[in-house]
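Worksheet: the structure to be examined is printed underneath.
Letters A, B, ... mirror the listed sequences (proteins, then strands); counts begin at 1.
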4 protein chains.
Amino acid sequence: MKFASDNAWGVHPKVLQALADCNEGAMGSYGADPVTARAEAVYRELLDAPEAVVRFVATGTGANALVCAQLSPSFGRIYCHDTAHIHRDECAAPEFFSHGAKLVPIMGADGKITPDALDQAIRFGAAGSLNDGANAMVSITNATEWGTCYAPAEVAALARVAHDAGLPLHMDGARFANAVAGLDCDPRDLVAGVDALCFGGTKNGALAAEAVIFFDPAHAKGFDYRRKQSGHVFSKQRYLAAQMLALATDGLWLDLARHANAAATRLGQGVTQAGGSLIAPVQANEVFATIPFGAHERARAHGAAYHVWQDTPPVQGEPVTVRLVTSWATPDEDVTRFLDLIR
Amino acid sequence: MKFASDNAWGVHPKVLQALADCNEGAMGSYGADPVTARAEAVYRELLDAPEAVVRFVATGTGANALVCAQLSPSFGRIYCHDTAHIHRDECAAPEFFSHGAKLVPIMGADGKITPDALDQAIRFGAAGSLNDGANAMVSITNATEWGTCYAPAEVAALARVAHDAGLPLHMDGARFANAVAGLDCDPRDLVAGVDALCFGGTKNGALAAEAVIFFDPAHAKGFDYRRKQSGHVFSKQRYLAAQMLALATDGLWLDLARHANAAATRLGQGVTQAGGSLIAPVQANEVFATIPFGAHERARAHGAAYHVWQDTPPVQGEPVTVRLVTSWATPDEDVTRFLDLIR
Amino acid sequence: MKFASDNAWGVHPKVLQALADCNEGAMGSYGADPVTARAEAVYRELLDAPEAVVRFVATGTGANALVCAQLSPSFGRIYCHDTAHIHRDECAAPEFFSHGAKLVPIMGADGKITPDALDQAIRFGAAGSLNDGANAMVSITNATEWGTCYAPAEVAALARVAHDAGLPLHMDGARFANAVAGLDCDPRDLVAGVDALCFGGTKNGALAAEAVIFFDPAHAKGFDYRRKQSGHVFSKQRYLAAQMLALATDGLWLDLARHANAAATRLGQGVTQAGGSLIAPVQANEVFATIPFGAHERARAHGAAYHVWQDTPPVQGEPVTVRLVTSWATPDEDVTRFLDLIR
Amino acid sequence: MKFASDNAWGVHPKVLQALADCNEGAMGSYGADPVTARAEAVYRELLDAPEAVVRFVATGTGANALVCAQLSPSFGRIYCHDTAHIHRDECAAPEFFSHGAKLVPIMGADGKITPDALDQAIRFGAAGSLNDGANAMVSITNATEWGTCYAPAEVAALARVAHDAGLPLHMDGARFANAVAGLDCDPRDLVAGVDALCFGGTKNGALAAEAVIFFDPAHAKGFDYRRKQSGHVFSKQRYLAAQMLALATDGLWLDLARHANAAATRLGQGVTQAGGSLIAPVQANEVFATIPFGAHERARAHGAAYHVWQDTPPVQGEPVTVRLVTSWATPDEDVTRFLDLIR
């Protein structure tokens, strides 16, 4: 019953197999190899973006921060949700890579920014003097940090607000697969209006691989140097590419995300039936909910691992707020057993 | 006949196997897993450094640049050889990570800095005003960028000069295994006096793994945050650690380095016999030599891959300067065939 | 009737005279001159801090950002009020100088942080993982951005919280003189517990001069290099020092601040009498208040300059929120005339 | 007999007077004042550059480093002379402001880069892989660090090489006035081909003022934010502008430079007559020469101040290499007296 993080699980066998499959002989290093070329092409095709620049890096923080540095000057303002991973959980990597860009948090229910809130924030930010810095970009996370999803129309609406202000839109897609699966939409529809996508592989069964995708090559100018200078170019690049290629093959990425999402959906329903209540709708692979104190005690006593999602320790008799994360590898029995325990 | 780079070759089967072996189930993320703990312990033991802080990252540039940022302020001077990888080949990553540190190149035969040259450079650097910046650290590469090795006594002598000036000594050990194998020494002797070691795995059969080792924990203060902020912490850290663990098991790292070195030695001897001449002694897995123009033409015509190591194109009738790099995977037949061709 | 900013006014005649007085002949450059030595000594004495390191720079943003870079690593968290100048009005200079430090805003009435709020913020910030970054320092502004003052006991209480958490305390004293004058306290009492003070001169009659003061020399390690690297060392340093020396002579700094504060006090009282109401108590040289719409129209019609301090334009019939700033040079007649107008 | 530095001298009386002249009343802060507007216009006119963006900062290091950050990305290569001030004497400020740009030194007689050497350096730099970084800009100093001058035709030739490679040309004109005076040329001719000029005021009689001039506004995009973020925007901007305005009025800047140059010329001639020899031609306000040991001893004994310009201490009986710098304020008697002493 491991619901602490989707990062806690391992690598899907097909991804491991892909590493072995490309292991023969010598190939060009630093990306000059056929596996990388093929993987880049496959992602361009997957997103129907023949002009896009696709690059692979090993970590989500690296991917996001590199995009921030690419799209924002040191004096830029990066608009994002108040709970955005880039703002709350990356040890100020965007600030470091960009050398000072200011992350401007925007509040919003269910981890989502509304077009109105974005519009207001951008206007307010731009109203001022040099003191404020310059508006630079907008970043959204999909699936969000609260396990919800922006639907294509919502992304497009935010893109319009951003573009009207002359700002590019970045999507942190560490759980992009979960969003596509949760929305049951075409991935191409979900990136309409997006200028830069970090397409996550790691949480979805890769060892350590993310694709950075710039839909307009103009946004990628100098990006290869930037990636190199930050130590995020692998000399044996084929093994990064092979992971992403394996996920894209035969729809594996969506199968895995669907499994994770289904487990979360079951957990969410079970929690409600057990007297808990959801804090945010379950639309991807995370459940944010309160559960009865007794349920929490029983679950913990039987070894269930998950995060208590409140600032203070649980109190006898009061509901406990928790986060449950499922993954491509979460066993169905674990879900069943957990739900039995908390019931 | 692939002698272009040791990065061009793949991953040793035992390393791949190690990835599979640690793939079962969920583990703590971001390094809180037993594989990482074991790998860190094994490297501390290997170097007889029970107090050392050991961390794993995926790239050599990441490893070196993080150490530079750790040991030098933005206004620091980093003394290194004129051909140092950190100075010539990392796209100014040390400057980026440290936010401005100045790499001060020192000339020296065979890619090596002499203690006298180091002493003079440090004194000259320190003589001045605020304009010069502050002396911060010394970095050497072992094996060097010219395929030579600093012996333990040479490292110790440089360490004395550095320490007398109050500066820590960093060793870029992207080819540390090749140095130990080439010198046939105890690795513990080769790091006596070293404050921070980047112990390379990637060139020596890993997929993408390097160990960063601080012998004095005081030098590692805040390093975990720095690594995180630069996107170099893997969420599934076990797979980084497993690679380095596989290399350290049953002396695999040395076996692989010895294989690479032996191939280079044969190449070096053959080149000499074929009328070429060595530019630097062959002490690790690289050969820098001139070969006759005709030999070069024949080799290329038969598909041999290697770098011409001169600024201008080869000229009919004149010796051609080349770099030949061997690896853990270089087939003996390739060496034989190449030598047959150039003879 | 210029109440837009204390920066809008010029240089006090005695400061200008001091520039002329030190203009004779050649002196050591970059701070190796007797004027600088004397000025540094005078500020050490003024604050009864014989060990302190005192340095002069030309701008408040430079002073604050240099201190942040000095006291926080790139991955540090800097706790400050939500309206702190370093957070809202310096174009992300602290982030730039520190290469990524995260400013963590804390809410609090009247522009002030309470010890409890600080304690909670630090605990919450420190509770987490590498993702959060490392707690690094606390910064307060005195007089605050809302024209209020922390009394010595309040500063000491915040210092205790900061120090208990191992964090140094920075005071942005762009209006330190106004705080001392407003509190009618001994400046030495107001810095008890403070580790680094930016003692403002510019807003208080200097041309462009601020003192950066580290009470513990250990905090100043490498600061001179940092100042040089950021272009904030004047070659003709004597003219920076002379300004601060002039202000410190015969209590000029306090006389000027008292004048400014008295004007603000009159304005505040007059606003209340005119049917307006204060948003924050007037304790230094700024008035934040609402005034009747008609009063605003009359004032503007007669050329009064000040900032409307609300996000939306003034509306007929509704009170208008304004900021009025007075300075060492604000003519008494201007205050009288303004109050006549709005009455 | 103060020949240590032109920074050691004070401020010209007309510059001081200009500070007093603009001291009346309140003006817009941060550059929104009429003095700044006028000064910007005057420099555009002086250089016949109606489209140019002109900004004022207080230090030469600030000016140069801001331009480097403006024209080079963090992964850029900045080509400059091996003795360039930006490379040798600014505490790695360009690296800090640009976040890592690599200064690539080029050797050349008399402190000057030849077009051929520049061409070769750029080609060599650009030949490589990501490892090298990206060619970004060229920087020359005029007058040079060796007291020589690039004539207009020389600047134009370097500009052609730079522009052919797609790189902008920066001129560090800390002693631009001395160059114009020494060459007796039209300043407009000396900037033909230059993209960014740092027009020095401080060494030429200002208190602390430099103009940064971008001839193509496209190069200045975002510069005001960058200047703000680095703390180089004065709140009372008028006093920066007033200094530069005073220098530009009635040709004061050229009169002062001519005075300094004439003193250097006399010194150079006298040194030769006294048995010394020039190391570089005297074309501006600096003399690099060897003088007899006895002459050195006599000069020092009588209080002459200047830098010994060799790495080792002077040796009895051997010529001593020295640097003598003159300024707008150097008394003729000092020159006479010094020459008498060394004769």
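Within a 6.0 Å sphere centred on CZ of R44(D), other residues, nucleotides and ligands contribute more than 12 heavy atoms.
Among residues 94-107 of chain A, the residues having any heavy atom closer than 4.5 Å to a heavy atom of chain D are, in sequence order, H99(A), G100(A).
Here the shortest heavy-atom pairing between N131(A) and K228(D) reads OD1-CE, 3.2 Å.
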